[in-house]
Amino acid sequence: MRVGIIGAGRVGTALGRHFTRAGHQVMLANSRGPQTLAQLLDELGEKASAGTPQEAADFGEVVVLAVQWDQKEGAVALVSSWDGRIVLDPVNPSRETVNGLEHIDTGGRRTSDIVASLVPGARLVKGFNTYPAQTLAQDPAVDGGRRVVLLAGDDPEAKRKVAELADSSGFQAVDTGPLAEGGALFETGGPLSGPHTALIAL
């Protein structure tokens, strides 16, 4: 599969490693330009390349928006159109501070609704957001099982594509339903959200 990843921070890098190891083609993009990703490309190998956010979006059958919450508006603005694209949203409403992660108040709105409003026409899938970046970067095989990735979305084909990506990379994808019902379970504040939730499929 071809995967475009917009954002080359800890989450984008972790997913890039998992996806390239599984044999998928990945194009990474960040706000500083493709030339700043040379060292990461050397590490990821021949399955990885770098481009602009627009190039990564055009490249990917799935496009991952792997940016910090405060960066999401700027990142999506670098792509001319999101219409019809499968967008994987692992973004949580938080920012890194000297005292650790700080939660950002969304005014009662679900994060997937906010992200969906920024990518009109996209086929949005929420997922890969229930693990801290350092956990996400680890081997998904653990304790004789596989880490579970909860997915929610309103487009069945888009969810199937993301589930295939997750499963082939060593995770166990679980479809929780549409964004309104499933997303509410594991988005920030939901009963299955948070870094202390350990879900392993045996």
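These figures come from a predicted structure and were not determined experimentally.
A continuous path of hydrophobic side-chain contacts links Val149 to Val26 [ILVMFWY only; heavy atoms under 4.5 Å]. Hydrophobic clustering, with ILVMFWY side chains joined whenever heavy atoms are under 4.5 angstrom apart, keeps Ile86 apart from Val67. Follow the hydrophobic side-chain contacts under 4.5 Å out from Val162 and you never reach Leu179; the two are in separate clusters. Connection of Val11 to Val119 is not established within any shared hydrophobic cluster, with ILVMFWY side chains joined at heavy-atom distances below 4.5 Å, either directly or through further cluster members.
A donor-acceptor pair is defined here as one N or O able to donate and one able to accept, closer than 3.5 Å; no such pair exists between the side chain of Tyr131 and the backbone of Ala137. A side-chain donor-acceptor contact under 3.5 Å links Glu55 to the backbone of Thr52. With hydrogens and angles disregarded, a donor-acceptor distance shorter than 3.5 Å links the side chain of His18 to the backbone of Leu136. Judged by distance alone, the side chain of Asp143 and the main-chain N or O of Gly145 form no donor-acceptor pair under 3.5 Å. Checking side-chain atoms of His24 against main-chain N and O of Met1 turns up a donor-acceptor pair under 3.5 Å. Using a distance-only test at 3.5 Å, with no hydrogens or angles considered, a donor-acceptor pair links the side chain of Trp82 to the main chain of Val76. A donor-acceptor pair under 3.5 Å is absent between the side-chain atoms of Gln172 and the main chain of Arg146, judged by distance alone. A distance-only check finds a donor-acceptor pair linking the side chain of Arg2 to the backbone of Phe59 [under 3.5 Å]. Using modelled atom types, one side-chain atom of Ser169 and one backbone atom of Leu165 make a donor-acceptor pair closer than 3.5 Å. At distances below 3.5 Å, at least one donor-acceptor pair connects side-chain atoms of Glu187 with backbone N or O atoms of Ser112.
Across every non-hydrogen atom of Arg10 and Ala133, the tightest pair is CB-CB, 3.7 Å. Heavy-atom minimum distance, Asp155 versus Ala158: OD1-N, 2.9 Å. Across every non-hydrogen atom of Ala57 and Val63, the tightest pair is O-CG2, 3.6 Å. Minimum interatomic distance between Ala29 and Pro53 (heavy atoms only, all atoms of both residues): CB-N, 3.5 Å. Taking each heavy atom of Leu37 and Ala8 in turn, the nearest pair found is CD2-CB, 3.6 Å. In plain terms, the two heavy atoms of Ile6 and Ala75 that are nearest each other are CG2-CB, 4.3 Å.
Ser80 and Gln54 form a side-chain donor-acceptor contact under 3.5 Å, judged by distance and modelled atom types alone. Thr176 and Glu181 share no donor-acceptor pair across their side chains, judged by distance under 3.5 Å alone. For the residue pair Asn30/Thr36, the side-chain donor-acceptor check at 3.5 Å is satisfied.
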Dump the intermediate steps for side chain to side chain contact (heavy atoms under 4.5 Å, CB included) on Phe186 and Asn129, then the final yes or no. CA-CA 8 Å; Phe186 64 89; Asn129 65 301; 3.3 Å; yes
Please assess Gln138 against Arg147 for the test side chain to side chain contact (heavy atoms under 4.5 Å, CB included), listing each intermediate value before the final yes or no. CA-CA 10 Å; Gln138 296 170 7; Arg147 294 191 196 279; 3.0 Å; yes
In sequence, state the C-alpha distance, the side-chain angles, and the governing distance for Asp139 and Arg17, and then conclude on salt bridge (Lys or Arg N to Asp or Glu O under 4.0 Å). CA-CA 10 Å; Asp139 190 338; Arg17 286 195 184 103; over 6 Å; no
Check the pair Gln68, Val91 against side chain to side chain contact (heavy atoms under 4.5 Å, CB included), reporting the backbone distance first and the verdict last. CA-CA 7 Å; Gln68 297 290 325; Val91 183; over 6 Å; no
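Counting non-hydrogen atoms of neighbouring residues, nucleotides and ligands closer than 6.0 angstrom, the CD atom of Glu46 reaches no more than 12 such neighbours. The local environment of CD in Gln134 is crowded, with over 12 non-hydrogen atoms from other residues, nucleotides or ligands closer than 6.0 Å.
Side-chain contact check for Met27 versus Asp58: every heavy-atom pair is 4.5 Å or farther apart. Side-chain atoms of Leu28 and Leu44, non-hydrogen and from C-beta on, do get closer than 4.5 Å to each other. At least one side-chain heavy atom of Phe19 sits under 4.5 Å from a side-chain heavy atom of Ile5. Contact annotation: the side chain of Thr13 approaches that of Leu40 to within less than 4.5 Å [non-hydrogen atoms, C-beta and beyond]. With a 4.5 Å cut-off on side-chain heavy atoms, Val125 and Val87 do not count as touching. Side-chain contact between Thr106 and Trp69: present, with at least one pair of heavy atoms (C-beta onward) separated by less than 4.5 Å.
In this structure, the separation between OG1 on Thr20 and CD on Gln25 is 9.5 Å, given to the nearest 0.5 Å. Leu65 contributes atom CG, which lies 8.5 Å from atom CG of Leu118 (distance to the nearest 0.5 angstrom). Considering CG of Asp154 and NZ of Lys159, their distance stands at 7.5 Å, rounded to 0.5 Å. Interatomic distance, CG of Leu88 versus CG of Leu151, reported as 7.5 Å (0.5 Å rounding). A distance of 8.0 Å separates CD in Glu73 from OG in Ser117, rounded to the nearest 0.5 Å. A distance of 14.0 Å separates CZ of Arg85 from CG of Leu124, quoted to the nearest 0.5 Å.
Remark: Asp113 does not engage Lys126 in a salt bridge, criterion side-chain N to carboxylate O under 4.0 Å. Taking a cutoff of 4.0 Å between a charged side-chain nitrogen and a carboxylate oxygen, Arg160 and Glu157 qualify as a salt bridge.
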